[in-house]
Amino acid sequence: MSPLDLGVAMLVVALWGINFGVAKVALLEFPPLFLMALRFFIVAALLLPFVRMPRGKLLGVLALSTILGTIHFPMMFNGIKGIDAATASVVAQLQVPFASLLAAVVFKDRLGWKRAVGMLVAFAGVLLIAGEPRLGDSLGALGLVVGGSFAFAAANVQIKRLGDIDGFALNAWMGLFAAPQLLVLSALFEHGQWEAVRNASWAGWGSLLYIAVLATIVAYGLWYRLMRRYDVNQAVPFMLLIPLFGVLSGVVLLGEPVTWTLAVGGLMTVAGVGIIVLRRPRVVVNDKVTNLT
């Protein structure tokens, strides 16, 4: 990988990792579902004028938007709101073992003992983190992040079924379909949306723009370029650095503590994910997956 593309890869994983801390800042000012509705409206508005309609695949994109818009993002962002960004960035990596398990069930992919060991190590790391006393009142939020990670893994299965589709078109049309779903859910289960819009600070609006523009459009645009130029084996391992930047974003932006339990559990989780990714990266990562958070 050239020095320029090495820098691009590091920039992408930094944008995705920092997104956890930025999301916490945004959630201080916007209700979670309403925040995601705004995010998808912005993505759709910025991308739709420049992409073609994925004819013949709109029903599949609609199904994907339901998995992500109705299940994944409500669970993930309500979970992130209830726990620290560092913990969320580590636990969210369970999407990899979940995706590997679903690939074995749906596509009859052979797990193998190495990937099975990787799964056990990753789940053991999360269990270690969950047993930390400071999370005693936040296990529900932690469970939402775990559930959101499983839903994201299920979204990977749907993306694989879609076949070849332009990544920007996928993000644009999925945003168009997901935004109304999230807006309806927000109207049913949240309150204070318009007060949040009127009273949001520059930090709140800046965080929203970061999530929609930098972490979604820019990061995935750069990632698609890398995936076209290099083998999956060369690009995917960089994703193991996402929790590092997630932890740093929590420490720097929010002053979150890094405990020994989080450090050890995080290393176990990332190590387990690393075993899975480095063993069979094509199974667990799709180059057209939408945003992590």
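- In this structure, W16 and Y220 have tilted ring planes: the angle between them lies in the 30° to 60° band.
- In terms of heavy atoms, F30 sits closest to G204 at CE1-O, 3.6 Å.
- Here S65 pairs with L62, M174, F177, A178, Q181 under the side chain to side chain contact (heavy atoms under 4.5 Å, CB included) rule; sequence neighbours left out.
- Every residue two or more places apart in sequence or in another chain was checked for a side chain to side chain contact (heavy atoms under 4.5 Å, CB included) with W202, and none qualifies.
- The two residues A37 and L183 make their nearest non-hydrogen contact at CB-N, 3.9 Å.
- Applying the salt bridge (charged side-chain N to carboxylate O under 4.0 Å, His left out) test to pairs two or more places apart or on separate chains, none has a residue in residues 55-68.
- With E256 contributing its side chain and A85 its backbone, the two residues share a donor-acceptor pair below 3.5 Å.
- For Y210, there are no ring pair (Phe, Tyr, Trp, His ring centres under 6.0 Å) partners at least two apart in sequence or on another chain.
- Heavy-atom minimum distance, P97 versus V273: CD-CG2, 4.2 Å.
- In this structure, A153 and L102 approach most closely via the heavy-atom pair C-CD1, 3.7 Å.
- In this structure, the separation between CG on L35 and CG on L38 is 6.5 Å, given to the nearest 0.5 Å.
- With sequence neighbours left out, I71 forms a side chain to side chain contact (heavy atoms under 4.5 Å, CB included) with M75, A151.
- Side-chain atoms of D5 never come within 3.5 Å of backbone atoms of V8 as a donor-acceptor pair (strictly under, hydrogens ignored).
- Of all heavy-atom pairs between P243 and V90, the closest is CB-CG2, 4.2 Å.
- Side-chain contact between L170 and P54 is absent, with no heavy atoms from C-beta onward closer than 4.5 Å.
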Take F73 and F40 through the ring pair (Phe, Tyr, Trp, His ring centres under 6.0 Å) test and state the conclusion after the steps. CA-CA 11 Å; F73 282 110; F40 278 117; 5.3 Å; yes
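- For residues 80-92, every residue pair satisfying the side chain to side chain donor-acceptor pair (under 3.5 Å) rule, not counting sequence neighbours, is listed here: D84-T87, D84-R134, T87-R134.
- Under a 4.5 Å side-chain heavy-atom cut-off, the cluster of Ile, Leu, Val, Met, Phe, Trp and Tyr residues that includes L4 has no other member.
- Between the CD1 atom of I129 and the OG1 atom of T269 there is a distance of 4.5 Å, given to the nearest 0.5 Å.
- The side-chain contact (heavy atoms from CB on, under 4.5 Å) with L176 is formed by just one residue from the set L48, N171, V61; it is L48.
- Evaluation of the side chain to side chain donor-acceptor pair (under 3.5 Å) rule for Q158 yields no partner, not counting sequence neighbours.
- If you look at F168 and W173, their ring centroids are not closer than 6.0 Å.
- The main-chain N or O of I211 is found under 3.5 Å from a side-chain atom of T216 such that the two form a donor-acceptor pair.
- Applying the side chain to side chain contact (heavy atoms under 4.5 Å, CB included) rule to L11 yields the partners L15, L222; only residues at least two apart in sequence or on another chain are considered.
- Remark: side-chain polar atoms of Q193 are paired, donor with acceptor, to backbone N or O of S186 under 3.5 angstrom.
- Within the hydrophobic cluster formed by Ile, Leu, Val, Met, Phe, Trp and Tyr side chains joined at under 4.5 Å, directly or through other members, W260 stands alone, with no partner residue.
- Residues passing the ring pair (Phe, Tyr, Trp, His ring centres under 6.0 Å) test with F98, sequence neighbours excluded: F123, F150.
- A donor-acceptor pair under 3.5 Å links the side-chain atoms of Q95 to the main chain of A92, judged by distance alone.
- Using a 4.5 Å cut-off on side-chain heavy atoms (C-beta onward), F20 and I242 make contact.
- Among residues at least two apart or in separate chains, side chain to side chain donor-acceptor pair (under 3.5 Å) pairs with a member in residues 21-30 are E29-S201.
- One distance of note links CG of L162 with CG of L64; it measures 6.5 Å at 0.5 Å rounding.
- Contact between V25 and S207 at its shortest, heavy atoms only, is CG1-OG, 3.3 Å.
- For E190 (side chain) and L33 (main-chain N/O), a donor-acceptor pair under 3.5 Å exists by modelled atom type.
- Side-chain atoms of H72 never come within 3.5 Å of backbone atoms of I67 as a donor-acceptor pair (strictly under, hydrogens ignored).
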